[in-house]
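Residue numbers start at 1 and run along the sequence shown.
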Amino acid sequence: MRIVRLIGAALLLGAGMTAAAAESDMLYLRTTMKEAVNPAIFGIWDITNNAMSDDGGIDPKLMDDAKWQTVQARALDLAKASRAMANAGMIHAAAPDDQAVDEGAVSMAAIQGYIDANPEAFRAFALAQAEHADKLAAAAQAKDFAAAGELVAGLDGVCESCHSRFWYPEQ
């Protein structure tokens, strides 16, 4: 009888772990964007936009070690958030209590439909963003102002490529 109880307890524990694992494998895109992606990107742009040279690149004279470290850290944050989006088991456009949008904005249900129609494409865009962020982190670590400048300039296009497909494809 004791063995039966132990097996039953093990099965219940296993089922609980599976439910917890499934819940932790769920990603709310809007929350991830607000809490991780946007702060990382805005942190990068805040520094690099204020360090622009006349030709549109990063002026090394306007960057110091602390700024490079911040750009690197924010790029790593962006890569982590992007990988979370790429690897999530379930992707929800927004949490059930975060469905409201401004008048005229695309509904969270529509965005969910775009993601559900091609989740692998969504994951590919997220992975591309992670790889772009990794390159930026490496350029910042190396204090390579030319490479970092090009990567920062291309960051908006990386974001926009996904947004135009999954956030507002009808516009």
Distance col, row N50:CG vs M52:CE, nearest 0.5 angstrom, shows 9.5 Å
When every non-hydrogen atom of I111 is compared with those of F166, the smallest separation belongs to CG2-O, 3.4 Å
W167 with L155, same ILVMFWY side-chain cluster at under 4.5 Å
yes
All heavy atoms of P39 vs all of R74, minimum pair found to be O-CD, 4.1 Å
Here the pair of heavy atoms bringing W45 nearest to V152 is CD1-CG1, 3.9 Å
Value for CD (Q72) from CG (D77), rounded to nearest 0.5 Å, stands at 10.5 Å
Please set out all donor-acceptor pairs under 3.5 angstrom arising from side-chain atoms of residues 87-99, sequence neighbours excluded.
unit_1: N87; atom_1: ND2; unit_2: R83; atom_2: O; d: 3.1
unit_1: D98; atom_1: OD1; unit_2: R30; atom_2: NH1; d: 3.4
unit_1: Q99; atom_1: NE2; unit_2: A94; atom_2: O; d: 3.1
unit_1: Q99; atom_1: NE2; unit_2: A95; atom_2: O; d: 2.9

Notebook entry, point to check: Does atom OH of Y28 have more than 12 heavy-atom neighbours from other groups under 6.0 Å away?
Noted result: yes
CG (L27) and CE (M33) are apart, to the nearest 0.5 Å, by 10.5 Å
From CA spacing to verdict: side-chain contact (heavy atoms from CB on, under 4.5 Å), L136, L78
CA-CA 10 Å; L136 178 55; L78 178 59; over 6 Å; no
- Task: Side-chain contact test, heavy atoms from C-beta onward, threshold under 4.5 Å: evaluate it for L29 versus M108 and give yes or no.
- Result: no
To the nearest 0.5 Å, atom NE2 of H132 lies from atom OG of S161 at 10.0 Å
Is a side-chain N or O of K67 found less than 3.5 angstrom from the main chain of L62, in a donor-acceptor match? yes
Interatomic distance, CG@N38 vs SG@C159, rounded to 0.5 Å, equals 8.5 Å
ask   = Applying the 4.5 Å side-chain criterion to the ILVMFWY set and letting contacts propagate, would F122 and L127 be lumped into a single cluster?
value = no
Tightest non-hydrogen contact, residues F145 and W68, listed as CA-CH2, 3.7 Å
Handout entry: Joint hydrophobic cluster, F42 plus L76, side-chain heavy atoms closer than 4.5 Å
Key = no
Of all heavy-atom pairs linking S82 and Q129, the shortest is OG-NE2, 2.8 Å
One should read off an interatomic distance between D54 CG and D59 CG, to the nearest 0.5 angstrom, of 8.0 Å
Shortest non-hydrogen pair, A133 vs A79, comes out as CB-N, 3.6 Å
